[in-house]
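Written out below as structure tokens is the structure these notes cover.
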Amino acid sequence: MITITINNKEIKLEKPVTVLEAARSAGIKIPTLCWHEQLEKYGGCRLCLVEIAKVPRLQTACTLMAADGMVVRTETEQIANVRRGILEFLLINHPLDCPYCDKAGECELQDLVEKYGPAKGRYKEKKRKVPESLEDPVIVRNMGRCIMCTRCVRMCRGLQGAAAIDVISRGGHSHIEPFSGGKYDCEYCGNCISVCPVGATMSRLHRHGYRPWQMVNETETICPYCGVGCTLIVQVRDDMIKRVVPRIGSVVNNGLLCTRGRFGYEFVGSKERLTKPLIRIAPKLSADSYQLTANLFREATWEEAISLVAKKLSEIKEKYGNSAIAGIASPRCTNEDNYIFQKFMRVALGTNNIDSAARTGFAGAQNFIENIFGQGATANIIPGLSNSDLVFVAGGDPTTVNPILGLQIRACSRNGGNILTIGNFKGIEYCSPQKLAPVLYTEDVLLEGIVTALKNKKGLSGANPKLEAKIKDISTSIEDVKNICKIKEKDFNEFLNILSESTNPSIVIGKETTQSNGASYHLLLLSAINYLINGRIYLLSDRANEQGLLDMGCAPDILPGYRPVSYMEFRRRYESIWKSEIPEKQGLTIFEMIDTARNGSLKAMYVMGENPAYNLPDSKSAESVLKNIEFLVVQDIFLTETGRLADVVLPALSWAEKDGTFTNMERRIQRVRKAVNREGMEDWRIISEIAKNMGEKFNYSNVEDIFNEICKASPLHKNLTYEDIEKGEGIYPYKGEPLRDVMEEIRFQFPGSRSQGSDGKLYLRVERPLFHSGTLSRKSSALMKIYPHAVARINDKTANMLALQNGEMVRVSSKKGSMELPVIIDDMVDSSYVMLTNNFEGKGAFSLLAYQIDPVTKAPIIADMEVSIIKGRLKK
Amino acid sequence: MLSEAAIKELNEIRQKYPDASAALLPALYIAQREFGYLGADAYEAVSNALGVPKAIARGVGTFYAMYKHKPMGRHVVQLCTNVSCMILGAEKLSDFLKNKYGLEPGGTTPDKRFSLVIMECIGACGTAPAMLLNDDFYENLTEKYIEEILEKYK
Ligand code: SF4
Ligand code: SF4
Ligand code: SF4
Ligand code: FES
């Protein structure tokens, strides 16, 4: 125990801390500029100088460790004089443009000058002048205001791990700059701006549109973008989101955000939002025919639209039977929305035909892994990654799919952990990962080689006989790895040594794996590795409530709480709560829905917050199916490609306008809270109204009603309440009963016949960019400014071969179609593929894809898609 | 791009340091030798070779005045004008270089043959004025002597 006296107050300290931290713990404020609670100590600004009894000179409280018996004074005349002097120096070059600086009101420098102030400066020479920089799309810089505290540099280098900026030059000439000297061209997370104490770097989104003290309300909610589930504080004025900031201390993201969470909110206030229900008047053309909405639809009242939907669905059910209708749920909607959605499908329409875009990878992969290791096997705590001694990454760049999770991997590396990757991932390059990059489409051979070597090295423990039986069948020699994957033996052995010696490893699996040829086999191999090294698995999730939607039973084979539909006891349980019969037959997956609609036996679809005409592989064919279906209802916040094909379009409230909960990839349930008001209905309310119109009892007055019903119905969520969630107790395994004992045989499928990446052909690969997310980010102008249009990324070898320059227009074609777009030469791209995004209107990579279905995970296999690339535009 | 020999040298140096960023200073000297000065290409080459982010490489490089931060002539004259040299006429020598060769402090001759850097003390006060030409040391300079010396560097 250390006892220290600060301003006559005796403070007892359990563990060694700095004088500053000791003072803060006792509520004593010492002014600081360079110190920040999130960052490494620096001791540069000298503002925190304090007097220590018996020490002749003033000491910086932020770096001095508290010692037993120390007597400290934090405010004396001498200290005030010194601080005044420091502030006078800081103001020598400061432009003193507080009246139009957006930081005024929350500027630490202004507040300090107000407190200690130099009322009058003595500096007579000319001030340095630095013009405002608007070079970056989301950040505005007024570096004349910079006080060189280096907080931004420490943030970017330390916590963000991007190291995009640094102090350039020295002494009076030093300044903060990115490598280019101009544009930041970085990850645009904005974490640097949230630690800047002055108005030197700020968000450009609210430039001159916002004064901190004019904020009407602040709402704590959860990010609408990815499965990490970061806490956001949404600041609002005039029912407009003015700014989004993180909260220090929040459990998942602790004061950090990524570019999407911080800058991606503008879609909420977009003028393109749907406002009124729409009913089709014109024949259906195609999704991207640029016909005006007014020519396609007429506006309708809610009453009319709701009764039309209810009537049509009832008619179709009557005429063709329950299985002629299907519904697509949304990983962007809340648990409450999704629960009501599946209940509507099961109870009002009598079908298990419910699925979602989670089917494109996450759902099947999770099911597969849980079947081996038990339910909750992928529900691992994200910050736990940084405490791992090893992170093994396969199938995708975590720093773009789940950026804040990616930061934990970078932190693991900074803490001395090893990072191993299968393939090249730009976002973790500076962790100096140990890489094995097999030739395209030979990853399974490499993984087999790793399993074989690990098995021989570590032996089998007998703990999981089912899995061990499969592991015993795996045997691939190093020779095969060398010959087929083109990997050097030395690299393989080094990789394997690190892997096998790890004591606390984590495995991160991305969509490239879950959509690969032989996905279920890849997952088996990764599970085997996980088992042999005794690790834990993180399954990347690119949508905010992908996990929640599955837990709510929005899948053809499971009921809320992840209970299989096929088990009678579970059906009975829900039937007694819902007072309605639940069909026994498993429903259709999203891909089966498309196929069934194509052959004509599926007649109607209800799509909530999803865009299958764009977001499904082979999207053009999905589009033509949806165009021809007898009755299509699309409920969304924008008129999407799918919406354009609908018979009825229902406008929903967005994430910022409603209450509810999201479940993140750790299976943590968190509260989504309404931040702005808008006329309209939440997804659950619209569906409840339709259900009521069909004679069902869907009487919920608010989301809490629904949540309480969920927790009554679902054994997994048993007895959980909003109150528990507010207290942070919504973390798996909750208070309920996880599903443990219904494990089936481990089934998998080997990769089918496949191309070899080294055959000189080009294959399509999907880029999952940091700055975009599905088609939602299109409506966030900040994100669009950072990454404005679709590009084709190719390797410089490919570029040389085709004599292509950066930015030149090319035509990329597959057997499914083609598109024109500019190329970017990117050295992280392999010479065997072309990377395309699936985010931009009319330029979706998925429109060039054909797919097959993995029979086990039911996910699409989108590997092996040959494309060609030619210079120039098509001559018309 | 660094030459293969340079990369080899760099890797050897890297082994002597506990981590990559500690090896930055000697690595930057190698890059400077290869590229003639430290510009974007040199920093990027060092960054790629050591795995240190390029912004950090540049931050470190720009801190030190003794690196060359802009393109230089084939030969670099480093003339001392500190107290002893100044008293014994170094400033006149500087004027001489300017008038005779068009070589201004911090500048480069139009034919890119010489650059002139004004140095602080090189520890030759007893034999001032003194200068370094590339890595060669010259003392007791006079205008005539300088002329002779410069003739040797084409
Ligand atoms: S926005 Fe993020 S990546 Fe860019 S400089 Fe700031 S902290 Fe670094
Ligand atoms: S830009 Fe802001 S955070 Fe960065 S050094 Fe300047 S004042 Fe500090
Ligand atoms: S990591 Fe995901 S949840 Fe967090 S801010 Fe970024 S997009 Fe949002
Ligand atoms: S806060 Fe202590 S030196 Fe800056």
Side-chain angles (χ1 to χ4, degrees), chain A residues 40 42 44 136 146 148 150 152-188 192 201 399 410 413-416 418-419 421 424-435 796 827-828, chain B residues 1-2 4 7-8 10-25 27-29 31-32 34-35 37-72 105-106 117-120:
Chain A
E40 254 178 55
Y42 182 61
D136 293 284
C146 173
M148 291 305 293
T150 75
C152 55
V153 172
R154 282 174 284 146
M155 171 56 85
C156 188
R157 190 191 290 197
L159 296 179
Q160 180 64 19
I165 49 178
D166 204 351
V167 178
I168 297 302
S169 210
R170 68 168 162 191
H173 300 288
S174 51
H175 57 285
I176 308 292
E177 238 176 42
F179 181 73
S180 73
K183 200 173 169 188
Y184 272 21
D185 224 346
C186 61
E187 297 177 347
Y188 291 122
C192 54
T201 60
T399 66
R410 291 176 178 169
S413 165
R414 274 199 308 282
N415 297 342
N418 288 304
I419 313 296
T421 67
N424 291 313
F425 305 116
K426 198 176 207 157
I428 31 186
E429 268 306 286
Y430 282 127
C431 298
S432 308
Q434 200 81 26
K435 285 188 263 187
D796 55 350
D827 57 0
M828 291 302 281
Chain B
M1 283 279 278
L2 290 169
E4 242 166 71
I7 291 189
K8 192 162 160 271
L10 222 148
N11 287 335
E12 276 161 20
I13 286 176
R14 167 71 187 83
Q15 299 311 318
K16 297 187 191 148
Y17 292 88
D19 60 54
S21 44
L24 261 177
L25 294 185
L28 288 171
Y29 269 113
Q32 170 172 294
E34 296 275 310
F35 289 88
Y37 73 108
L38 293 182
D41 293 344
Y43 288 124
E44 256 176 288
V46 167
S47 162
N48 290 337
L50 288 181
V52 172
K54 55 189 181 182
I56 295 182
R58 179 163 171 260
V60 170
T62 56
F63 182 86
Y64 293 96
M66 278 151 114
Y67 288 119
K68 298 170 190 162
H69 296 292
K70 54 184 185 194
M72 293 266 176
V117 175
I118 299 297
M119 282 289 273
E120 303 304 321

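All of these numbers come straight from a predicted model, not from anything done at the bench.
- Heavy-atom distances place the backbone of Ile165(A), and not its side chain, under 4.5 Å from chain B.
- Heavy-atom pairs under 4.5 Å with chain A peak, among Pro53(B), Ala65(B), Ala57(B), at Pro53(B).
- Donor-acceptor pairing under 3.5 Å is recorded for the side chains of Arg154(A) and Thr150(A).
- The pair Lys8(B)-Glu4(B) does not count as a salt bridge, with every side-chain nitrogen at least 4.0 angstrom from each carboxylate oxygen.
- With respect to chain A, the highest number of heavy-atom pairs below 4.5 Å among Lys54(B), Glu44(B), His69(B) belongs to Lys54(B).
- Of the possible polar contacts, none joining the Arg14(B) side chain to the Leu50(B) backbone as a donor-acceptor pair under 3.5 Å is found.
- Ring pair Tyr67(B)/Tyr29(B): centre-to-centre distance below 6.0 Å.
- There is no contact between Ala20(B) and chain A, counting heavy-atom distances below 4.5 Å.
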